[in-house]
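Only one structure is covered here, and it is reproduced in the block below.
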Amino acid sequence: MHALRRCVRSLFQSSQSFRRASSAAASTFKASELEVQLCKESDLRPKPDPNKLIFGQNWSDHMLEVEWTQEAGWGRPRISPIHNLQLHPSAQVFHYATELFEGTKAYRGVDNQIRLFRPELNMKRMNTTAERVTLPTFDGDELIRCIRKLVEIEKEWVPYSQTSTLYIRPTIIATEACIGVHKSKAALLFVITGPVGPYYPTGFKPVSLLASPKFVRAWEGGCGGYKMGSNYGPTIGPQIEAAKHNCQQVLWLYGPDHEVTEVGTMNLFAFWTNEKGEKELVTPSLDKGLILPGITRQSLLDLAREWGEFKVTERSLYMKEIVTALKEKRLKELFGAGTACIVCPIESILYEETRLQIPTMSEGAPITMRFHKELTDIQYGRVQHSWACVV
């Protein structure tokens with residue numbers, strides 16, 4: 001009897017171990033299991049002129065997909081010719097905006113090698129957003145390996161240019177065919193890529209901002225710190241309103257004290273002499289969840305701290321501080337930062353019916369331009385750096 005009990009216990013423990021191992025295997029997909037189906041030679045499309053690229057309007061020949069279900073977990077990743085998705089009209093993504101996305105780029109360097117830029121930070125942010133919107137998480141290193149293979153296949157879509165790049169858009173959507181507000185039992189991760197031109201095709205152009213407290217992008221306890229489509233669609237109306245006032249972007253304010261958060265879809269930076277007479281780079285902090293933890297934002301902070309030439313601060317920033325610094329001639333530069341443009345100088349802010357003239361370009365924006373040069377030097381391989389991941 002004792003021997004029988006030991007045998008049953010052993011079988012039970014083995015069964016438990018197997019289930020745990022199976023669960024662990026299903027908790028992520030594996031790049032080693034990547035399946036590849038290439039386009040026929042006759043189906044490959046001609047590459048567009050890198051000097052005439054418009055952002056988001058050209059797509060490469062292949063895409064990456066990985067399916068997930070609650071029962072089986074992650075399936076095998078596969079690369080196949082780019083195609084339309086087939087989804088039931090009741091798929092949750094259509095009704096409850098249960099989705100997320102990322103944005104990164106592949107750069108063709110001066111040595112003809114193709115590089116990604118800090119992709120591990122995109123993976124971290126992607127998983128953080130997935131947890132918030134109850135979509136499945138995954139091993140970021142495995143997705144990076146899959147993306148590297150996709151970019152390798154699409155290497156001729158990476159422009160032979162020091163200004164144009166291959167944009168990479170990883171996305172996860174809830175695909176369960178069920179109208180009901182609950183965690184989806186099915187999801188699809190996909191990655192599409194396409195060549196994009198420089199954000200400023202005719203050179204660096206400073207922008208004007210509309211700062212109006214009647215438009216609020218994010219609030220404490222909300223989702224402003226996550227990269228999901230529901231944060232972007234509602235900003236289109238205020239963007240149109242800004243254009244009516246001859247402004248290119250919206251400076252998003254929060255609360256009765258008009259706290260500054262983001263500029264358009266970018267993080268905001270101010271370079272000034274603070275009230276103590278110190279040179280300082282300031283950007284809104286992440287602690288309230290009002291702004292996106294941008295990859296470019298983090299890179300600028302890391303570079304500035306590495307330089308060690310001025311104080312670097314992450315804290316709440318208010319319009320009254322910008323107005324006062326401007327009046328006292330302490331504000332030197334104001335700029336946005338993001339993947340699309342790297343840095344974007346700001347020349348004016350329409351605030352409380354007054355257009356504030358920002359002196360960013362009066363001396364050539366030395367800090368803004370230095371950031372731009374140092375990041376692009378890394379991205380295009382002019383400087384060797386651990387942030388650049390060779391494909």
Side-chain angles (χ1 to χ4, degrees), residues 132 206-227 230-232 234-242 244-294 296-298 300-301 304 310-338 344-360 367-368:
R132 180 64 175 85
V207 297
S208 297
L209 310 179
L210 172 65
S212 173
K214 78 174 184 177
F215 301 123
V216 180
R217 175 192 169 273
W219 49 92
E220 293 183 72
C223 297
Y226 303 92
K227 200 165 181 69
S230 56
N231 283 336
Y232 293 80
T235 68
I236 298 172
Q239 175 71 31
I240 293 172
E241 183 67 21
K244 294 177 182 177
H245 295 275
N246 296 316
C247 297
Q248 289 79 46
Q249 298 284 354
V250 176
L251 179 58
W252 300 102
L253 306 180
Y254 171 71
D257 295 326
H258 298 177
E259 183 174 351
V260 174
T261 59
E262 292 192 359
V263 48
T265 59
M266 300 177 287
N267 296 122
L268 179 74
F269 284 83
F271 183 69
W272 60 19
T273 301
N274 64 26
E275 292 179 335
K276 295 181 181 179
E278 304 166 310
K279 290 183 178 180
E280 183 180 33
L281 182 73
V282 183
T283 191
S285 62
L286 304 176
D287 56 353
K288 294 181 181 179
L290 299 175
I291 67 168
L292 190 72
T296 305
R297 172 190 182 275
Q298 187 59 54
L300 299 190
L301 290 171
F310 44 76
K311 187 175 182 180
V312 180
T313 304
E314 299 174 69
R315 66 168 177 82
S316 297
L317 182 64
Y318 300 90
M319 275 305 301
K320 62 183 179 182
E321 293 181 274
I322 292 176
V323 172
T324 299
L326 191 59
K327 288 181 179 178
E328 297 176 354
K329 301 187 183 304
R330 292 187 290 104
L331 181 60
K332 306 300 181 184
E333 299 179 40
L334 201 62
F335 58 93
C344 174
I346 296 166
E347 67 175 355
S348 69
I349 303 174
L350 181 58
Y351 174 63
E352 294 184 338
E353 301 184 355
T354 299
R355 193 170 291 272
L356 307 173
Q357 297 299 323
I358 311 299
T360 305
I367 296 298
T368 305

For R132 versus G221, what's the shortest heavy-atom pair and its separation? NH2-O, 3.8 Å
Who pairs with E275 by salt bridge (Lys or Arg N to Asp or Glu O under 4.0 Å), at least two apart in sequence or on another chain? none
Out of curiosity, L210 CG to L253 CG, how far, rounded to the nearest 0.5 Å? 9.0 Å
Please check: side-chain N/O of N267 versus main-chain N/O of I291, any donor-acceptor pairing under 3.5 Å? no
Residues that E352 engages under side-chain contact (heavy atoms from CB on, under 4.5 Å), provided they are two or more places apart: H258
Least distance between heavy atoms, F335 atom then L281 atom: CZ-CD1, 4.1 Å
On a heavy-atom basis, the closest approach of G224 and A218 is CA-CB, 3.6 Å
Let me confirm one number: the CD-CG distance from E280 to N274, rounded to the nearest 0.5 Å. 4.5 Å
Side chains of K332 and P359 in contact at under 4.5 Å (non-hydrogen atoms): no
Kindly give the heavy-atom pair with the smallest separation between S285 and R297, and that separation in Å. CA-NH2, 4.0 Å
Using the side-chain contact (heavy atoms from CB on, under 4.5 Å) criterion, which residues pair with E220? Sequence neighbours excluded. Y254, K288, L290
To the nearest 0.5 Å, atom OH of Y226 lies from atom CG of N231 at 10.5 Å
Donor-acceptor contact present, side-chain T283 to main-chain L268, <3.5 Å: yes
Donor-acceptor pair, side chain of Q248 and main chain of Q239, under 3.5 angstrom: no
Residues which pass side-chain contact (heavy atoms from CB on, under 4.5 Å) with E321, listed by chain and number, not counting sequence neighbours: W272, R315, L317, Y318
Determine, step by step, whether I346 and L209 satisfy the side chain to side chain contact (heavy atoms under 4.5 Å, CB included) criterion, reporting the C-alpha distance in whole Å, the side-chain angles of both residues, the deciding distance to 0.1 Å, and the verdict. CA-CA 8 Å; I346 296 166; L209 310 179; 3.6 Å; yes
Distance check, rounded to the nearest 0.5 Å: K279 atom NZ versus K311 atom NZ? 15.5 Å
Which residues share a salt bridge (Lys or Arg N to Asp or Glu O under 4.0 Å) with E262, sequence neighbours left out: R217
Is the backbone of S208 close enough, under 3.5 Å, to the side chain of S348 for a donor and an acceptor to pair up by distance? no
So, taking the atom named OG1 in T273 and the one named CZ in F310, what distance separates them when rounded to the nearest 0.5 Å? 11.5 Å
Do the side chains of M266 and V207 get nearer than 4.5 Å, heavy atoms only? no
With rounding to the nearest 0.5 angstrom, report the CD to CG distance, E314 to L301. 4.5 Å
T368 side chain reached by T360 side chain, heavy atoms, under 4.5 Å: yes
Counting only N and O atoms by type, is there a donor-acceptor contact under 3.5 Å from the side chain of E333 to the main-chain atoms of I367? yes
Counting C-beta onward and ignoring hydrogens, is there a side-chain heavy-atom pair between Y351 and L251 closer than 4.5 Å? no
Should Q357 and L326 count as side-chain neighbours, where that means a heavy-atom distance under 4.5 Å? no
From CA spacing to verdict: side chain to side chain contact (heavy atoms under 4.5 Å, CB included), Y232, K227: CA-CA 9 Å; Y232 293 80; K227 200 165 181 69; 3.0 Å; yes
Could you list the residues that satisfy side-chain contact (heavy atoms from CB on, under 4.5 Å) with K244, not counting sequence neighbours? I240, E241
Could you tell me which non-hydrogen atom of F215 sits nearest to which non-hydrogen atom of P238, and how far apart they are? CD2-CG, 3.6 Å
So among I349, L334, I322, which one has a side-chain contact (heavy atoms from CB on, under 4.5 Å) with V260? I322
